[in-house]
Amino acid sequence: MIKLGLFPLNLVLFPEALYPLHIFEERYKTLIQECYKSDMEFGINYVKNAGINQSGCTAMVKEILKTYPDGKMDIIIRGISRFRILKLIEGEKPYFTAEVETYADDDFDTDKLLIEEASRLFNKIIEGITSVKIDKINIHDIKVKYPSFLIAQKAGLSPEQKQALIEIRSENLRLESLILHFRKVQPLIKRAEFIAAIVKNDGYLNPNQI
């Protein structure tokens, strides 16, 4: 069990993913400055009207891109590991803190055929998008621990689908979920709103471009 500062957002962060943030609230300026100076992790939890989701992803500040005169910051964060809130603490800091436990997958043998199928289906969908160039996934270039989270960044998933994905404790089950998603949405590829969801990429960054 560890204690984390929390940064609730309308965002589901994946382990190993890079994401840009603009920090403008005073309490989160404080959180980011403390974590950056001490090389500490903080927690990102997806939040909506129903409240803060109990499962989230820890993050570290990879880089501060710009600091403004009023203390606002443009930063890049990196997802580290998944966690679940055990106890929410208010009043101890200007931001929320919580006692949390991290969790990993219950299985360790990833089925390479599932990675290949998920990548193949994604690439097939990308071939149908002609309005903008989107890089295909080459399975030989995948160097991350969890290929499912890498593929999911570009999959056009809703926030709720992403939240469900980080709560799954099996890489094979996550890949199967993505394969099912791709098979369902393939007929929708000509719909502008679905193409926009993939093109937008929800703000995730390509680590090769950083």
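Partners of K136 according to the salt bridge (Lys or Arg N to Asp or Glu O under 4.0 Å) rule, which considers only residues two or more places apart in sequence or in another chain, are E127. Looking at residues two or more places apart in sequence or on another chain, you find a ring-ring contact (aromatic ring centres under 6.0 Å, His included) between F149 and F14, Y146. For N10, the side-chain contact (heavy atoms from CB on, under 4.5 Å) test picks out Y46, with sequence neighbours left out. Listed by chain and residue number, nothing satisfies the salt bridge (Lys or Arg N to Asp or Glu O under 4.0 Å) test with E167 (two or more places apart in sequence, or in another chain). A search for side-chain contact (heavy atoms from CB on, under 4.5 Å) contacts involving S177 returns L165, not counting sequence neighbours. Contacts of I89 classified as side-chain contact (heavy atoms from CB on, under 4.5 Å), with partners at least two apart in sequence or in another chain: K3, E92, T97, E99. Taking the salt bridge (Lys or Arg N to Asp or Glu O under 4.0 Å) definition, one finds that K124 meets it with nothing, sequence neighbours left out. The side chain to side chain donor-acceptor pair (under 3.5 Å) search around Q33 returns none, not counting sequence neighbours. In terms of the side-chain contact (heavy atoms from CB on, under 4.5 Å) criterion, residue partners of P94 (sequence neighbours excluded) are, by chain and number, R27, T30. Checked against salt bridge (Lys or Arg N to Asp or Glu O under 4.0 Å), E116 has no partners two or more places apart in sequence or in another chain.
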Check: residues 100-107 side-chain donor-acceptor pairs under 3.5 Å, at least two apart:
{"unit_1": "Y103", "atom_1": "OH", "unit_2": "I166", "atom_2": "O", "d": "2.9"}
{"unit_1": "D105", "atom_1": "OD1", "unit_2": "R82", "atom_2": "NH1", "d": "3.4"}
{"unit_1": "D105", "atom_1": "OD1", "unit_2": "R82", "atom_2": "NH2", "d": "2.7"}
{"unit_1": "D105", "atom_1": "OD1", "unit_2": "R174", "atom_2": "NH1", "d": "2.9"}
{"unit_1": "D105", "atom_1": "OD2", "unit_2": "E171", "atom_2": "N", "d": "3.4"}
{"unit_1": "D105", "atom_1": "OD2", "unit_2": "R174", "atom_2": "NH2", "d": "2.8"}
{"unit_1": "D107", "atom_1": "OD2", "unit_2": "S170", "atom_2": "OG", "d": "2.7"}

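Side-chain contact between N45 and L6 is present, with heavy atoms from C-beta onward closer than 4.5 Å. Contact check for T67 versus D74: no side-chain heavy atoms found under the 4.5 Å cut-off.
Under the ring pair (Phe, Tyr, Trp, His ring centres under 6.0 Å) criterion, the residue pairs touching residues 52-79 are H22-Y68, with sequence neighbours excluded.
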